[in-house]
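Quick note: numbers below take in every heavy atom, side chains included, and nothing from hydrogens, waters or symmetry partners.
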Amino acid sequence: MLGVFMNTGKRFDRTLDGMKVTRIGDGYVECELLVTEAVQNSYSTLHGGATCTLVDVVGTMAALTRDPMRAGVSVDINVSFASAAKAGDTVRC
């Protein structure tokens, strides 16, 4: 299942190259991402676009645990930012 989500070259999803899947269940996926330079903004915190990409990819992975033959397409993503993840932090979702 993870094959399609692995970095395959020069595409945008390579920003999540360091993402580690820590748990997979029925409708559930847990991942960790180290806030490296590749996903930081100019303030050395996790870029909002990287956060939204993480939500999008992990949400699709969770949906695929229910039906791996029917990938979804995000039509709306709403992310509320409560606090910044700093360089070197690990984000879990």
Side-chain angles (χ1 to χ4, degrees):
M1 180 178 104
L2 296 178
V4 249
F5 291 99
M6 303 313 285
N7 177 18
T8 56
K10 296 179 181 179
R11 295 189 177 134
F12 178 77
D13 61 350
R14 74 183 180 277
T15 58
L16 299 181
D17 199 24
M19 182 179 78
K20 295 179 184 168
V21 177
T22 55
R23 236 173 102 192
I24 296 177
D26 185 27
Y28 181 86
V29 172
E30 185 176 294
C31 296
E32 292 182 350
L33 179 70
L34 180 65
V35 181
T36 62
E37 190 173 349
V39 292
Q40 291 174 24
N41 59 24
S42 58
Y43 300 104
S44 298
T45 60
L46 184 62
H47 192 286
T51 302
C52 293
T53 300
L54 191 59
V55 169
D56 186 37
V57 168
V58 175
T60 298
M61 290 172 70
L64 285 171
T65 65
R66 296 276 172 109
D67 186 353
M69 300 306 291
R70 187 174 174 201
V73 176
S74 298
V75 294
D76 185 42
I77 295 176
N78 183 352
V79 177
S80 297
F81 299 93
S83 133
K86 299 174 183 153
D89 287 349
T90 297
V91 176
R92 183 183 307 143
C93 71

Which residues pass the side-chain contact (heavy atoms from CB on, under 4.5 Å) test with [X], sequence neighbours left out?
X	answer
N78	S80
V75	none
A87	Q40, S44
V91	V35, L46, L54, A85

Mind checking whether V58 and Y28 sit in one hydrophobic cluster, side chains of I, L, V, M, F, W, Y counted as touching below 4.5 Å?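 No, V58 and Y28 fall in different hydrophobic clusters.
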Please determine whether residues V29 and L34 belong to a single hydrophobic cluster, defined as Ile, Leu, Val, Met, Phe, Trp and Tyr linked transitively by side-chain heavy-atom distances below 4.5 Å.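 In one cluster: no.
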Nearest heavy atoms of C31 and T22, plus distance in Å: N-OG1, 4.0 Å
In this structure, CG of L33 is separated from CG of D89 (nearest 0.5 Å) by 11.0 Å
Clusters formed by hydrophobic residues whose side-chain heavy atoms approach within less than 4.5 Å: which one holds I77, and what are its other members?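 Besides I77, the cluster holds V55, V79, F81.
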Quick note, salt bridge (Lys or Arg N to Asp or Glu O under 4.0 Å) partners involving residues 19-47, not counting sequence neighbours, are D26-R66, E30-R92, E32-R92
Step by step, would you call H47 with V39 a side chain to side chain contact (heavy atoms under 4.5 Å, CB included)? CA-CA 6 Å; H47 192 286; V39 292; 5.7 Å; no
